[in-house]
Structures are given as C-alpha cells and as structure tokens.
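Scroll down for the structure; my scribbles are underneath it.
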Number of protein chains: 2
Amino acid sequence: MVGASTTEGKIGYEAMENVHDYGGRVYPVNPSGEGEVFGEPFVASIGDVDEAVDLALLCVPAPVVPSVIEECGEADVGGAVIYAGGFAEAGDEGEELQEEIAETANEHGVALLGPNTSGFVIPGAGIHASFATGVEEVPAGGTAVVAQSGGVAHSLAFQATRERRGLSAMVGLGNRANVGFEEVIEYFDDDPETGSIILHVEGTDDARSLLETCYASETPVFAYKVGQADVGDFAESHTGALTGDHALYTAGFSQYGVPVVDSTSQLLDAGHVAATNPLPDGTNVGVVTAQAGPGIIIADRLKQAGVSLPTLEDETMETVNDILPGITYAANPVDTGRPMPEFGDVVRAVAEDENVDAVVVYELHEAALGFPTEAVDGLAEEVGKPVVFASAGAESLLADDRAELEGAGVPVFETPERAADALVALAEYADVRANAAPAGVVGDE
Amino acid sequence: MVGASTTEGKIGYEAMENVHDYGGRVYPVNPSGEGEVFGEPFVASIGDVDEAVDLALLCVPAPVVPSVIEECGEADVGGAVIYAGGFAEAGDEGEELQEEIAETANEHGVALLGPNTSGFVIPGAGIHASFATGVEEVPAGGTAVVAQSGGVAHSLAFQATRERRGLSAMVGLGNRANVGFEEVIEYFDDDPETGSIILHVEGTDDARSLLETCYASETPVFAYKVGQADVGDFAESHTGALTGDHALYTAGFSQYGVPVVDSTSQLLDAGHVAATNPLPDGTNVGVVTAQAGPGIIIADRLKQAGVSLPTLEDETMETVNDILPGITYAANPVDTGRPMPEFGDVVRAVAEDENVDAVVVYELHEAALGFPTEAVDGLAEEVGKPVVFASAGAESLLADDRAELEGAGVPVFETPERAADALVALAEYADVRANAAPAGVVGDE
C-alpha cells in the first residue's frame, strides 16, 4: 500500500483500512511513515519489502506515480492499482503521463488497474482493493461487475449488497492504461466463481476488440452502454474515453451476442439471474401471478420488449385447472386469483411446460401463507430454465420467507417491472447468442 | 366488518386484524359468529349495530353481496368496500350482479369501493381497510396512491414503505361500481394531507372524464398507464376494463397536464418528490456529482428524455471554482471529483442558479464525510425548486446519515437512474401544465 497514511479520510488511510484484514501480508509503504497503521509497520519503499509483492495499491498523487511504477517494475510486482486522477482524462499533459507509466509497466510486465479508478474488490477472497468505505460488506457471489467508471462499479456493488446479492468481483477500470475490458472479461470468463459478467461501458477506442472478447466469452455477458444522448465532453473529462456512437455500440453488442440493458438495476438483475439460474433456451416466458394487476404489468412489459408469452400445453392447462377449478385466468399469464397452498404446484406446472423457456412469478406476500419455497426449491435446475419471483410486503413479515426462497436459489425482485426486465435481458441473450454473427460492423476498417 | 371470521388466513380474519385497532368502534358482523374476534363481540347483522355506521367492509362472497348492500342502504351506511371478485370481471352474469349492487347503492347513497379490490388504507388516520397482511406498517406521508388494481395498490404501498416514504392514502379501485378515478382524485385534491396523486391506470370507459378531472386537480397528478402491448384479454378478465388505446391515453394525459411514467418505481418517485419538494418552474436541471460515472448516467438519462442541462450563470461558476479550484468538470454537470467538506456549498450554489429549475445530486456515501445535510436543509423551500440526491453505500454505514438527510426533506434515491427519472417526470409536469390544452382529443364524440 504505497502512500499508506494514518490520517482518517485520506485515501491512503481508507484504502489501508479496507485492505489490512486481507489474509496475506499487507505492507504500508511511506518514506515518511512512522510506527504502524492498522497494526502493520511502515516500510520506506517497495524495495524494502522482504518478499515478492503480488499487488501494489498506489495512494499517491499523479506526479509521483511514474517513479512508483518504475519501482514496482524493478521489484517484479505483478500488478498495480492507480487511484489518482490527473492522467488521460485531464488533457494532453495527463495523457503523456499515462503513456509514460503504461510504457514502464509494459516493459516490466506490470498489469495496471487505472489510473483514475477506485479499485477492485474480490469478496470471496477477502481482497478489498478500494478506498471506498463499506466495501467489506459486499457479499461473495457469482456476478463479476466490470465498470468503466469506479464510481459506477461501487454504485453497482452497493446496490447488489443492499439486495442481498453476491459478486465474484467488482472492478472499476478507470483510464485503462494497460488493462482494459478485454483482459478483465477473459479473466472472469475463466474464473470458476463467476457465472455472469456485467459491463458498464462509456466508450473505448477499439470497440471491435471489446466485442470479439465478449463473443468469445462462454460466460454470459450483459452490457449497459451509457451515452445515448450527447454527453461526450463530460464523459471524456471522466475516463479519457469518448462515448462513441451509441447506436453502433448497441447494434454491435447484439451482433456479438451481448444483450444491452437500460439501467444499472437491469444490469445487476440480468447478471444475478444468469449467475444463479440456468439460461433460457429461447424467448418464451410463462407468467404466474397471484394478483392480476402486477401480472398485467409483467405481461405488458415482456410483450413490449418482444418477448412472447406462449400458449401453454394442454397438459399444463389441465393440471392448473385441476388444482384451481374456476381459476380467474387459466392461460398465460396464469392468474390464481389469490395465493393459496397449491400456488407452488401451479408454478411447477408452468415451469415444466415444454412451450416455456423461463418463468416469472408475482405474489404479494401473505404472512399466513409465506412463499412456496418447498415446491420451487431446485425447480430451475430440474427444468433447466430460470424461475424468478417478484413480491412486495411489509419487510418485518416478508424478510424471513424471502431469505428462505432466495436461499433456494430463486431471485426475488422488488417490483414487477424488474422481474420482467431481467427476463427480457435473458431472453435476449438466448436470441442474440443464437443469431450472433460477428462481422465487420463496428470498428472495421 | 361483514363476514368477520375467527379463522386465520380467511379474508374476514385478516381484514379484521388490520382494522380492529382503528380509533373508532369496529363491529364484527356475522350471523354465525360466536363470542368475539380481536376483542370485539360479534353482531348478527348491520341492523344490529347500535350507532350510525360510516363504513362497511364486506368480506362475503359475491352472491351474498347484493343483500348486504341492501342492508347497508337501509342502515344509512356511508360507504362499503367489496373485496369479493365474481362481478364485471367475470362475464355477463357478474356484470349483471355488479349493476344490481350499483343501482341499490346509488338509490341509498352508499359509496362503493370495488368490487374486486383489496381495499384502501389511510395511514395518518389509522384506517387499514385492506385484508393484506402488513399494511399497518405503511407510514403516513403526502402521496395518494390511486390504483385500478388492488394488487398494484399494495405493491406500490409496500415499495414506498420499504423506501421509508409515507402515503396519505392507498386506494385499490377494483371494478369501480360507483366510485371511480374521478371521485377519488377530487377527494384527494381537497385533502390537506395529500401533496401528490399517483395513478395506476389499466383502462376506463370514459377516458375524457378521467382526463378532465386530472386537469382540474390543483394537486399534481402522475399516471402510469399499463397495457402498451396487447394484454386486453387478460386485463378485461381483471377489473372488467379494457386497456384501451395506449397512445391515445398517453397523448391525452399530456394534453391534460399529466406526466406519464414508465414503471411503478418512477410513479412512486415522481409522487414522492412532488409531495415533499417545491415543483419546478421549468425543465432545466442542474446536476452535481461527486463521482463522474453516475453523473454521466444522470446527464445521459435527462437528455434522452428531453430535459435540458443549462449552462450555469457566471456567478455560479465563479463560486464553484472558488470552492474547488481545478475542479474536474466545472460546468453542468458539476463534477467535484470526490466528496469533500464543501460539497454542500457546491450543491447550494447550483440550486441558487437562476438558470436551474431543479437539482439532482449524486454522491457515493463516505463514512468519514457523511452527507451535507446541514448545507441543504431547507434549501429546496428557500430556492423554490426540488433538490434530490442519489447515493449508494454499505447500509450499516449509510443508514443514519441518509435518515438525517431524508429528515431534512431531501429525497434520496437508490440509483442514479431513479433520481434522474423522478426529475424527468417533474420537468414534464412543468412542461405539460404550461402547455395543457384540454380539447376533444380522447373520448370525444
């Protein structure tokens, strides 16, 4: 930790607080450091560390960065995170500075995250290489967050945390001096802990290379491309990247098998379902609802996005009608009127329907009934399709039942729209992967 | 409470549980009821109640409803909630039954909520006339939820509750036998507790009348019109209403001064800001961000929706540059780089800018800094513009600071998109009210 500090609020203190409880050794590096910080004695320079260093975290201002990277190279450090701004995002001089450190790093084989990033977090490994407070609360899980902006990376990670969803990693790329989307996507595609990769993209100089990497990924990738309106100036001032042509990116992503979503929430939601549930084989969704109104919202939302609600098989309809004679609406959506003890059997019947590739369920929570956790536990794996719920209720009554349902691997969304939008992204994944035809569309010369 | 029951899980029990702690008297009515329920002794019929009855809650099946409404009329009951389904949503016979009860109710001047609704809640008055569990946790506040579907009404109410936002009322209209959107909107427009009215609309036979009522409302009204795709069959099976022509509704709402939103979340968010903050005079938004990435998302989202980010006044730019020399991006958005102690002063400078009609702020929570609550307390009222925040962070570190900020009347959103979308709806309100020109557009003969 280069630039470690004992002054609370300073990046060198906050980052030290986040990283000090990592299982391996952590060395606070500061030539003017005296004594220790978080129980670790200061060393004067990276050269003074008495063992091989895997990772250097640089909490030093931009002008000092080149010499520290040089030191990292000489000490055979594997990688370095550069938190400081003042590089490619800050005009010509900054751009030169960034080229200089990239050259040094490349010579010595040092992988650089940043500059101008708030870092990365691997919750499952206890690595909190970020200076943001609270990152140690992000739970481990299956989605890798890869954001061009460190701020967005953290925003996504904390949203996930609030909604009890785990991440395999959170990475803020920043200016991408020598590690870009490609290297990170390839890494997480090979990572056994990662079941989905979600991208926040402002813009990149080599869109073709990004798209080809996404196409080659066996792990599903979802993208949120920001910059549909003209925010070019502001974006360039940010991570030194132009936002580029939004329509071209969107078309390119689709062509290379990457669904494009419309918000941070939809990005997280799609990633969460893809990481915890089987992927759908097609774009046909079965809807089961215990309350018609939210069911209509879901059906409307799915249809607007071009996702189909297929007719259910005769066998399914018979099963549903046996369970619920005189049911309110025994088609697709299946509207059970109110929840009842057999609600889980209805969900199961629809999930087993051959016409259906994915299932979304809406059920207001009723304390006396709870959720049909037993009936749907293992259902998604059994039928090889995603099965998701949306619900609402008083938190004090709902929380335990929801934890059980989520514990059985069923994502539970807070609004009907978010459940629908997540399945739209997954249906689109089935669609764009089936029709992906990488060709000279984007960035071709 | 007609049809009150001692059997847990039955509507007549759940509704009784929700209503029994109301400040006034509650009489459980059931000819076969013995003893008492929730401490109240059963009476055999409404006629046996020994004082004037303001409201009857009918937890009885459809075939019994006509005779109970007759009884209500004879006992001069003011209004009745009919929870049962099996009326206009259930085919010709049901439609006749509904006409019959409407006729009886009209004769005797009984206002009917429903049939086919889960009821209503007035948190501030302690009235929980719903059979859904947990409605007593909905906090009192300034937004009136008026939903065509009882399920959506509850979904909205519980979403609001989870996000610590109060409601002046939650009403599920159901089949609207003799109380429709018009009566309820007029009521809440006159209600001193209500600062905004949010509508969930599937469809209505007399769109013109609904639009004219909205136009006449001095309280801002926002609408979520469901049924953009073809979900007509399912919707008709629901509240007996056709979803109608979506484009006509949307155009109609705009023309009559009602912004149309795209989701339950945006509906709640718009209503919450309108109920707690001054309305904007125009469509110019100032953006202040402590992290560029989420700021770009907000700017992009606003611009896509046609909301403008005006150039700030010279005076504002000078103030901002005085506070933060060498600031990352001292235009609109103002990007402060990271939060710092003067962050609140920057927000204040932008809010005071004459070119700006509304302010949205993004700030990842940092434990050492908290939020600039002191600087923004009372700011919205002072400048006569809405001022909203979006943030993210670890709940354990964030919750207290957020509660303080919200306590100062500042809405705090969970994602950058939701803050932006709320202000889009408010900017649209300024725009459509300024340009409202009610005319023979919808439902004209």
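What's counted below: heavy atoms across the whole structure, side chains too, no hydrogens, waters or symmetry copies. First the proteins, then the strands, lettered A, B, ... as listed; each starts at 1.
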Would you please test Gln159(B) and Glu414(A) for side chain to side chain contact (heavy atoms under 4.5 Å, CB included) and show each step? CA-CA 7 Å; Gln159(B) 282 180 51; Glu414(A) 290 170 349; 5.7 Å; no
Name all residues meeting the salt bridge (charged side-chain N to carboxylate O under 4.0 Å, His left out) criterion together with Arg165(A); count only those two or more places apart in sequence or in a different chain, and write none if there are none. Glu163(A), Asp269(A)
Can you tell me which portion of Glu137(B) sits under 4.5 Å from chain A's heavy atoms? Options are side chain, backbone, both or neither. side chain
Between Thr161(B) and chain A, with a heavy-atom cut-off of 4.5 Å, which part of the residue counts as in contact: side chain, backbone, both or neither? neither
Chain B shares the most heavy-atom pairs under 4.5 Å, among Gly134(A), Gly85(A), Ser155(A), Ala290(A), with Ser155(A)
Main-chain N/O of Ser265(B) paired to Glu417(A) side chain as donor or acceptor, under 3.5 Å: no
Answer with side chain, backbone, both or neither: which region of Ile297(A) has an atom nearer than 4.5 Å to a non-hydrogen atom of chain B? both
Of the backbone (N, CA, C, O) and the side chain (C-beta and beyond), which part of Gln304(B) lies under 4.5 Å from a heavy atom of chain A, both, or neither? both
Roughly how far, to the nearest 0.5 Å, is CG of Asp262(B) from CG of Asp262(A)? 10.0 Å
Pick one of side chain, backbone, both or neither for Ala132(A), based on which atoms fall under 4.5 Å of a heavy atom in chain B. neither
Contact between Ser149(B) and Pro294(A) at the side-chain level, heavy atoms closer than 4.5 Å - yes or no? yes
List the atom of Ala392(B), the atom of Phe158(A), and the distance in Å for their closest heavy-atom pair. CB-CB, 3.8 Å
Please determine, among Val152(A), Leu369(A), Val138(A), the option with the most heavy-atom pairs under 4.5 Å with chain B. Val152(A)
Quick check: do Pro416(B) and Ser263(A) have side-chain heavy atoms less than 4.5 Å from each other? no
Whatever's closer than 4.5 Å to a heavy atom in chain A on Ser396(B) counts as both
Return the CG to CZ distance between Leu398(A) and Arg162(B), rounded to the nearest 0.5 Å. 9.5 Å
In Å, rounded to the nearest 0.5 Å, how long is the span from NE2 of His200(A) to CD1 of Ile296(B)? 7.0 Å
Looking at Thr133(A) and Ala367(B), would you say the former's side chain and the latter's main chain have a donor-acceptor pair under 3.5 Å? yes
Output for pair (Lys225(B) NZ, Asp300(A) CG), nearest 0.5 Å, gives 8.0 Å
Residues in residues 5-17 of chain A that sit under 4.5 Å from chain B, counting heavy atoms only: Gly9(A), Ile11(A), Glu14(A)
Of Glu395(B), His365(B), Glu136(B), the largest count of non-hydrogen pairs under 4.5 angstrom with chain A goes to Glu395(B)
Interface moiety of Arg418(A) toward chain B, non-hydrogen atoms closer than 4.5 Å: neither
